[in-house]
Engineer: 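My questions will all concern the structure given below.
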2 protein chains.
Amino acid sequence: MKVNLHEVLRQTLSPGINLTEEEWAIVFNCCKAKTTKRNEILLEKGKISQYLYFVVKGCLRIFLIDEDGQEATRFLIFEGSFGTAFPSFTLRQQSSAAIQSIEPSELLMISHADYQMLLNTMPGWERMTRLGLQQDYIDAIIRIESLITMDAKQRYDILMKKNPKIIQRLPGKFVADYLGISQETLSRLKARRK
Amino acid sequence: MKVNLHEVLRQTLSPGINLTEEEWAIVFNCCKAKTTKRNEILLEKGKISQYLYFVVKGCLRIFLIDEDGQEATRFLIFEGSFGTAFPSFTLRQQSSAAIQSIEPSELLMISHADYQMLLNTMPGWERMTRLGLQQDYIDAIIRIESLITMDAKQRYDILMKKNPKIIQRLPGKFVADYLGISQETLSRLKARRK
DNA sequence: CCTATTTAATGACTTTTGTCAACTTTCGTT
DNA sequence: AACGAAAGTTGACAAAAGTCATTAAATAGG
């Protein structure tokens, strides 16, 4: 059972990483399994993010809440991806974002201490981390570009093309605040496009 | 003379990196110096970015141009920072962005081949790269958040607080399209705030 | 299978931002 | 220092998106 979770992780990582069996065993040993309910909060705003999560099944949402309760989705993490409140996890600072599992999910979690240990003892892990960061950074750049150059409709169309599962699978309010628009605007966008 | 450029680089990198003198020599050997004029184009849209630049003096701008000539600034790179058209440089793809030096600048440039060579032969370089990416990614996350949660005025105020040199030093049109707003809106923002 | 809760859609109106155009100021360059 | 180009400002108007309120539809979870 737990082995299955590990295999999912291994299959996800293996393209970019070359570890010995012993090393894989150490990595697996750093992973705690966790099952969450719909809308369960994994990290509250203001706390320091202690875990890097790997989503085996389900979906995580990293989001911000302002004083008047307005939410904005920083990231959505689906099956086969890692995610956490990255600035908090990395810099050991209070998190401006919260984490919730918006679907019942199966997760693996790696503590910050173990993450650092792996970085310091396993060159293959550092390489994998670098490659992962590289891709995450590129994705962030693309998102920035879409925000500074496109209007809401264009951003919606791109998302539909590049990542339709976000739109198909999640309630519109998450899609809306991921795109940086209001729920009503999203609803009107959908109506407009035919 | 060239030694000075190298020392700037070394002082920038040394906090996060631990290299032997021999290794520093190899790194320096990978750096070509380049002097640019105001508004000189270093990379045209559609080409593959072959160099990672380190700004010793001056300022680079990584920017997008759409069909009707509208520009949007993806990044501004000042003294002491690295920059390039990152997705293109990393993935070896045609760049959607161009690079220009908006001030006369002194640069060091590292070719993609050398960059890869350093990654593959020098663990300290890979570590530095990871740490740099970590910070760049965090900065990107913060920028995404400002774009999805704030209006133009708030973004301007934050920029003024966090990075006033961008506003003080650069023509407003660059500031405007870095913030994702029009030049006129920026001008009105400035007038409004007193 | 039901129902409380969540989510989506829509109208009316406001606010923000963009666009176009004219004009002024600043600044590079010689 | 002076000229020409680039940048900045401002007004009038248009377009995009947000807000508030209400109603309808969908869905989670017993």
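Lettering follows sequence order; numbering is per chain, from 1.
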Engineer: Report yes if at least one side-chain N or O of Ser182(B) is closer than 4.0 Å to OP1 or OP2 of dG18(C); otherwise report no.
Structural biologist: yes
Engineer: Asp177(A) has an atom CG; how far is it from atom C1' of dT6(C), in whole Å?
Structural biologist: 15 Å
Engineer: Protein-nucleotides 12-16 of chain C N/O pairs closer than 3.5 Å?
Structural biologist:
unit_1	atom_1	unit_2	atom_2	d
dA12(C)	N6	Arg188(A)	NH2	3.2

Engineer: If a pair means Watson-Crick or G-U wobble with both distances below 3.5 Å, what does DNA chain D look like in dot-bracket form, with | marking bases paired to a different strand?
Structural biologist: ||||||||||||||||||||||||||||||
Engineer: Between the main-chain N or O of Glu145(B) and the side-chain N or O of Thr149(B), is there a donor-acceptor pair closer than 3.5 Å?
Structural biologist: yes
Engineer: Tell me: CG of Leu186(A) to C1' of dT10(C), nearest whole Å?
Structural biologist: 14 Å
Engineer: Look at Lys153(A) together with Asp157(A) and state whether they make a salt bridge at an N to O cut-off of under 4.0 Å.
Structural biologist: yes
Engineer: Starting at the 5' end of DNA chain D and moving along, which residue's nearest nucleotide shows up first, Pro104(A) or Gly180(A)?
Structural biologist: Gly180(A)
Engineer: Do Asn120(B) and Arg127(A) have a side chain donor and acceptor closer than 3.5 Å?
Structural biologist: yes
Engineer: Ring of Phe28(B), cation from Arg10(B) - is the NZ or CZ under 6.0 Å from the centre and inside 45° of the axis?
Structural biologist: no
Engineer: Answer with base, sugar-phosphate or nothing: what part of the nucleic acid does Glu103(A) contact at a heavy-atom distance below 4.0 Å?
Structural biologist: nothing
Engineer: How many Å lie between CD on Glu184(A) and P on dA9(C), as a whole number?
Structural biologist: 11 Å
Engineer: Starting from P on dT9(D), measure out to CD1 on Ile181(B) and report it in whole angstrom.
Structural biologist: 12 Å
Engineer: Among dG29(D), dT19(D), dT10(C), which nucleotide sits nearest the side chain of Ser187(A)?
Structural biologist: dT10(C)
Engineer: Does atom CD of Gln94(B) have more than 12 heavy-atom neighbours, drawn from other residues, nucleotides or ligands, at distances under 6.0 Å?
Structural biologist: no
Engineer: Can you tell me the distance, in whole Å, between the CD atom of Glu71(A) and the P atom of dT19(D)?
Structural biologist: 14 Å
Engineer: Atom CD of Gln183(B) to atom C1' of dT24(C): distance rounded to whole Å?
Structural biologist: 14 Å
Engineer: Would you please indicate if the ring centroids of Phe86(A) and Phe75(A) are separated by under 6.0 Å?
Structural biologist: no
Engineer: Without decimals, in angstroms, what is the distance between Arg169(A) CZ and dT27(D) P?
Structural biologist: 15 Å
Engineer: Identify which nucleotide among dT7(C), dT9(D), dG8(D) has an atom closest to any side-chain atom of Lys173(A), counting heavy atoms from C-beta outward.
Structural biologist: dT7(C)
Engineer: More than 12 heavy atoms of other residues, nucleotides or ligands under 6.0 Å from CG of Asp139(A): yes or no?
Structural biologist: yes
Engineer: Checking side-chain polar atoms at under 3.5 Å, does Thr73(B) have a donor or acceptor matched by the opposite partner on Arg61(B)?
Structural biologist: yes
Engineer: Of the options dC20(C), dG8(D), dT19(D), whose atoms approach the side-chain atoms of Pro171(B) most closely?
Structural biologist: dG8(D)
Engineer: Can you check the Met150(A) CE to dA17(D) C1' distance for me, whole Å?
Structural biologist: 18 Å
Engineer: Keeping the roles fixed (side chain from Ser101(A), backbone from Lys37(A)), state whether a donor-acceptor pair exists under 3.5 Å.
Structural biologist: yes
Engineer: Between Arg38(A) and Thr185(A), which residue's closest nucleotide on DNA chain C lies nearer the 5′ terminus?
Structural biologist: Arg38(A)
Engineer: To the side chain of Lys190(A), which of dG18(D), dT10(C), dA9(C) is closest?
Structural biologist: dA9(C)
Engineer: To the nearest 0.5 Å, how far apart are CD in Glu71(B) and CG in Asp177(B)?
Structural biologist: 6.5 Å
